[in-house]
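What follows is a single structure, written as structure tokens, with notes after it.
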Amino acid sequence: MADSIITLTTDFGTGSPFVAAMKGVVLSINPAARLVDLSHDIPPYDLRHAAFFLAGSLRYFPENTLHVVVVDPEVGSDRSVLFVSVAGQRLLVPDNGCWALLAAEARAQPVRVIKVSEPRFFRPTVSATFHGRDIFAPVAAHLSLGVSPADLGPAVTHWRQLAWPAPARQGPQVQGEVIFVDHFGNLITNVPASMLPGFPGGPSRVVLPDGTSPRKARTYADGLKRELVALISSNGLLEVAEVQGNAARRLGAGVGLPVRVESAEEWVPR
Amino acid sequence: MADSIITLTTDFGTGSPFVAAMKGVVLSINPAARLVDLSHDIPPYDLRHAAFFLAGSLRYFPENTLHVVVVDPEVGSDRSVLFVSVAGQRLLVPDNGCWALLAAEARAQPVRVIKVSEPRFFRPTVSATFHGRDIFAPVAAHLSLGVSPADLGPAVTHWRQLAWPAPARQGPQVQGEVIFVDHFGNLITNVPASMLPGFPGGPSRVVLPDGTSPRKARTYADGLKRELVALISSNGLLEVAEVQGNAARRLGAGVGLPVRVESAEEWVPR
Amino acid sequence: MADSIITLTTDFGTGSPFVAAMKGVVLSINPAARLVDLSHDIPPYDLRHAAFFLAGSLRYFPENTLHVVVVDPEVGSDRSVLFVSVAGQRLLVPDNGCWALLAAEARAQPVRVIKVSEPRFFRPTVSATFHGRDIFAPVAAHLSLGVSPADLGPAVTHWRQLAWPAPARQGPQVQGEVIFVDHFGNLITNVPASMLPGFPGGPSRVVLPDGTSPRKARTYADGLKRELVALISSNGLLEVAEVQGNAARRLGAGVGLPVRVESAEEWVPR
């Protein structure tokens, strides 16, 4: 059954006829395909958001599930369409690095990448602006019917990377930044729990640019309503949240906000 | 077939990787599960909105459909996760009263509540902040595979209630308030049709705080375009609407707006 | 399999219990129905938007797929509910012309229209304000179980049209207007490629009301980032876009914006 599941992730918006057209194309080729919407509200053209989204969700799917991802600011250029086998999942993606974070987290596993180039699996006419309908959807449908990825085109060994801000250890400090804001306004940083041993225990503190220091917590419920807390999010990254509120709105902050973690020797008053 | 249907209702937002992760977890355990999105746009933490949403929709599903509801401001605290059998439906919910209105409307029927506490049906590691992925999704998948609710944990007889504003009869008046605003800006009150015999007939009138009195109607089409009307909504409650417009925007009003129904003797000019 | 696919398109909003109720009603009658959400974010009451949406998506579905469309500003009036067989697809729609554009594009094909009037396929009680739940959903479910359209009611030969702005050729000019704005802020006009032979080649130019003239392009990638371009959209209509930006926001423009295409003799400087 998992073979016929095809998930869809786009930045087309929930009101878009483009998503509907893609679903129609898939079902026309494989009426038994089981479409699962992941999200159509990736912010337009936002590759880092897409990368974070995919890294935080695809790994939970059954092995070899097929995921179609169309966040594609360069549609119509000569960027490639890739079939990627990574982290136990199968992806159809534009070659723009949107799967970089997923791959990074599955480092130990081999990656297989194919440049999708066999037009016999495309729609007869390929438009210049809507490859979701004309390439991604029909190729996904054919894969779900059993077409071998090897038939899609040649294996490749080079692909685009996605620049990504890395957290830095500066002496006793860890300097990171917000890389994702969720629907609750929670600010998720690029600082992994592995850089914060013992957190939330220990004498370290989290510091925002305005000097405020959220209470370190294990979960939202450890704070008072509307209190700022810092905790390890469900994907293992340092997160700043307002309990039952919206930290992004309260702080007027978003992606890029610097977040510093200071160790005890720096700030404990003497 | 209905046995394998699992509906999802959350306040995670349509752009959320958390919804996608839940879908992955369900399908990894039961690849044949048929996921049906109800809504992921319950306003964050809004239990009354969730309660109204569930009361207005779950009853239409096939008997024994399984509904997963994750509107969970207290995740990570010691609040319980409940399996609830009510109104012919099966629910997995945080113990926060979000199913109170559904239960109230199915008063005659017995309710069965189980405290979900068997970790063998959870994901191996349960995070402090994302029980949707780590508890609700895997337990739902196991139920859809035939696990008996009795195996999830002990039956309980106490659970959280949800405070809910009740309409009041004050002499010849009925005093209610808006409890839900839909996408069209229609203002749905807590006044049931049963408190308004003969409505829209009879000499009563509906009065808003600013003194205006919407035209009593049977349906939107009874009013002129942009006219304010008062009618019985499709769920049996008094509703104030602007015909082909948006009453909430026009009145600058929302949940909590007092709405009064006066009987004839009060207002008929002598 | 395609026989059991039922697509849903409404203006109820993604947060709406009304969509959920419709899904429940369908599944209660046909638990094997395969529901596919097209969109619930058609702007409220916006029939032209719905018409454009349907014309741009339904044609891609397997032949005879059943599409339920509830954008219904006149619910409760005496407007009819129609079963329409057009463009190889089957639709259940309010009689408000929302399928006009789809029909126009499938001109050569016969259209079959039935006035849905057999209450035995409705819910036992039909509310005055929610025919989506009480008529559309149950009728769709019965159709998916094999009920013949002829059993729904009498064939009719008249139905409502939808006024639609037509592009005009004025001497050497083509005068059109924006009829749809997508999620990326791309402005799609009513000028078909067939009125612009050779586009983007040739000496013609596209002119906006403020006098600016977007660069003619084949695809977004032909322009620089943030440049305004004019191209033929994936549905064959002239479109004005900002490369990796949002033309609607940049121009403060939307549906109704006049767009003119001038031929060479008008503007080439001498």
Side-chain angles (χ1 to χ4, degrees), chain B residues 1-5 7-9 11 13-14 34-43 46 49-50 52-63 65 67 88-89 180-186 188 200 217-223 225 229 231-236 239 241 243-246, chain C residues 4 6 8 10-37 39-47 70-79 94 96 123 125-135 137-138 141 144-145 183:
Chain B
M1 293 294 282
D3 253 5
S4 68
I5 296 176
T7 82
L8 301 178
T9 304
D11 60 353
T14 50
R34 296 168 61 216
L35 295 166
V36 177
D37 291 303
L38 297 197
S39 178
H40 302 293
D41 278 340
I42 304 295
D46 192 336
H49 190 108
F52 186 89
F53 183 99
L54 299 174
S57 55
L58 299 197
R59 71 174 101 167
Y60 300 106
F61 278 82
E63 208 164 340
T65 300
H67 305 280
Q89 305 292 325
F180 192 85
V181 181
D182 73 16
H183 186 63
F184 300 98
N186 297 330
I188 298 167
R218 193 187 57 84
T219 180
Y220 308 121
D222 291 347
K225 196 164 174 174
V229 293
L231 40 69
I232 302 301
S233 76
S234 59
N235 38 27
E239 169 183 333
V243 177
Q244 293 184 39
N246 187 306
Chain C
S4 68
I6 299 176
L8 302 176
T10 76
D11 61 354
F12 292 169
T14 50
S16 171
F18 308 138
V19 174
M22 287 181 64
K23 293 181 177 180
V25 170
V26 169
L27 293 169
S28 285
I29 296 170
N30 181 4
R34 296 167 63 215
L35 295 165
V36 177
D37 292 304
S39 178
H40 303 293
D41 278 339
I42 304 295
Y45 320 118
D46 192 335
L47 296 177
V70 190
V71 180
D72 190 12
E74 297 167 294
V75 62
S77 72
D78 59 359
R79 69 98 187 81
N96 57 27
R123 281 191 8 111
T125 308
V126 172
S127 71
T129 57
F130 190 10
H131 290 183
R133 176 192 66 192
D134 300 334
I135 297 179
S144 74
L145 286 170
H183 186 62

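Just so it is clear, the structure is predicted and the values come from calculations on it, not from any experiment. Convention: sequence-line order gives letters A, B, ...; per-chain numbering from 1.
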Quiz item: What closest approach, in Å, do B:His49 and C:Gly15 show between heavy atoms, and which atom pair accounts for it?
Solution: NE2-O, 4.3 Å
Quiz prompt | B:Arg59: partners by side-chain contact (heavy atoms from CB on, under 4.5 Å), with sequence neighbours left out | solution = B:Glu105
Quiz prompt | Between CD1 on residue B:Ile5 and CG on residue C:Leu35, distance to nearest 0.5 Å | solution = 8.0 Å
Exercise. Show your reasoning for whether side chain to side chain contact (heavy atoms under 4.5 Å, CB included) applies to B:Asp182 and C:Phe12.
Key: CA-CA 8 Å; B:Asp182 73 16; C:Phe12 292 169; over 6 Å; no
Quiz item: With only heavy atoms counted, which part of C:Thr129 is less than 4.5 Å from chain B, the side chain, the backbone, both or neither?
Solution: both
Quiz prompt | Which atoms of B:Leu38 approach chain C - backbone, side chain, both or neither, heavy atom under 4.5 Å | solution = both
Self-check item: Separation of C:Ser127 OG from B:Ile232 CD1 (nearest 0.5 Å)
Solution: 12.0 Å
Quiz item: chain C: which of B:Ser234, B:Ala241, B:Ala217, B:Ser39 shares the most heavy-atom pairs with it under 4.5 Å?
Solution: B:Ser234
Quiz item: Highest number of heavy-atom pairs under 4.5 Å with chain B: which of C:Asp78, C:Val75, C:Asp134, C:Val26?
Solution: C:Val75
Quiz prompt | Straight-line distance of B:Phe184 CZ to C:Asp11 CG, nearest 0.5 Å | solution = 3.5 Å
Practice problem: Can you see which heavy atom on C:Gly76 is nearest to which on B:Ala221, and at what distance? | Solution: C-CB, 4.0 Å
Exercise. Heavy-atom pairs under 4.5 Å with chain B are the metric here; pick the option from C:Glu74, C:Met22, C:Arg123, C:His40 that has the most.
Key: C:Arg123
Exercise. Pick one of side chain, backbone, both or neither for C:Ser28, based on which atoms fall under 4.5 Å of a heavy atom in chain B.
Key: both
Practice problem: Side chain from CB out, backbone as N, CA, C, O: work out which of these in B:Thr7 comes under 4.5 Å of a heavy atom of chain C, or both, or neither. | Solution: neither
Self-check item: Whether C:Lys23 side chain and B:Asp37 backbone form a donor-acceptor pair below 3.5 Å
Solution: yes
Quiz prompt | Atom group of B:Leu58 that falls short of 4.5 Å from chain C, counting heavy atoms | solution = neither
Quiz item: Of all heavy-atom pairs between B:Phe53 and C:Ala20, which one has the smallest distance, and what is that distance?
Solution: CZ-CB, 3.9 Å
Exercise. Of all the heavy-atom pairs spanning B:Pro62 and C:Leu27, show the shortest one and how long it is.
Key: CG-O, 3.3 Å
